[in-house]
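Encoded as structure tokens, the structure appears first; notes follow it.
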Amino acid sequence: MAIEKVSTLLKMADESNTSVIGFNCIDYNTVYAVCHAAEIANTPAIVMLYPEHCIKNHVSNLSAFAGMFKGIAEQYQVPLALHLDHSSDINYILEAIKAGFTSVMYDGTRIPVEENIENCKKVVEIAKVFGVDVEAELGYVGFASNSDEDNADLYTKASTAAHFSEETGITSLAIAIGSAHGFYTKPPKLDIDRLIEINNATDTYLVLHGGSGIPEDQLNQAFKNGINKFNVGTEFFQLYYDTIRKYCDEFGAAGNPFDLPDYVHNELVAYLVNKMKLSKFN
Ligand SMILES: [Zn+2]
């Protein structure tokens with residue numbers, strides 16, 4: 001059985017001094033591509049759902065997505081896990097746990113730290129009962145469109161990270177060290193010294209968000225120095241939509257609609273297998 005908990009994959013990554021990659025997925029095509037690519041690359045991977053796709057875009061719902069993940073992932077031998085990305089709504093997180101998510105992210109970055117701690121504690125308490133992993137975020141990984149990655153005031157502080165992890169009992173912590181969500185307007189510069197400081201201050205697994213466009217040498221540095229989970233969304237989605245457009249441009253009205261899924265799948269798998277080379281599991 002290929003389905004594992006995120007914490008199992010984090011432990012494996014930590015032992016290999018590397019990072020497991022979490023890919024944001026939106027539908028069957030993206031989930032299937034991640035699971036299939038992981039099997040081909042023989043590299044564990046995480047399928048993540050961003051709540052907005054359900055709440056705002058209505059392209060999925062929690063139980064449909066969890067069921068779809070299970071149905072696909074159980075076909076493979078490679079370890080695969082399911083994770084709910086960024087939610088600041090405790091009731092929604094509960095719904096996700098009920099729907100079968102074995103890992104959730106509570107995002108309290110927009111509220112004061114003490115409140116973030118209190119809410120996180122509540123989530124961890126509930127999650128524990130169901131054996132569910134909890135990721136939280138400290139500091140603020142903002143948006144590349146705002147150049148948030150350059151704003152050191154938003155970065156995570158090592159002392160606060162240690163206090164936060166101890167108080168809440170979370171499984172993993174997303175930290176702000178110079179990355180941001182979306183496409184960067186110029187290459188970001190990760191604060192590796194700060195990462196080392198945070199990694200020395202806490203035993204909690206560390207997570208890097210905003211993975212679309214960080215130079216590979218910086219990622220290797222980050223993985224060696226304590227990042228055990230790395231999130232990729234934007235560039236994967238962009239490739240998905242570009243590939244559909246490419247198919248339509250190339251084949252136009254003469255294209256067989258039955259050929260489109262295979263065409264897209266092959267392109268996505270090729271990208272993913274290459275991306276997964278960043279994860280260097282022993
Ligand atoms: Zn994120």
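When a residue number appears, it is its place in the shown sequence, counting from 1. Every number for a ligand or one of its atoms is a count from 1 in the order of the listing.
- Counting side-chain heavy-atom gaps under 4.5 Å among Ile, Leu, Val, Met, Phe, Trp and Tyr, the cluster of Tyr140 also holds Phe143, Leu154.
- In this structure the side chain of Ile26 never reaches within 4.5 angstrom of the side chain of Tyr50, judged on heavy atoms.
- The Zn ion (ligand 1) has His86 NE2, His181 NE2, His209 ND1 as its protein N, O or S neighbours under 2.8 Å.
- Note: Phe251 and Tyr263 have perpendicular aromatic rings, judged against thresholds of 30 and 60 degrees for the angle between ring planes.
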Show me the donor-acceptor pairs within less than 3.5 Å that the side chains of residues 89-99 make with the rest of the protein, sequence neighbours left out.
| residue | atom | partner | partner atom | Å |
| --- | --- | --- | --- | --- |
| Asp89 | OD1 | Asn91 | N | 2.9 |
| Asp89 | OD1 | Tyr92 | N | 3.2 |

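- Not counting sequence neighbours, the partners of Tyr28 by the ring pair (Phe, Tyr, Trp, His ring centres under 6.0 Å) test are Tyr32.
- Relative ring orientation between His86 and His209 is described as perpendicular, the plane-to-plane angle rising above 60° on a 0-90° scale split at 30° and 60°.
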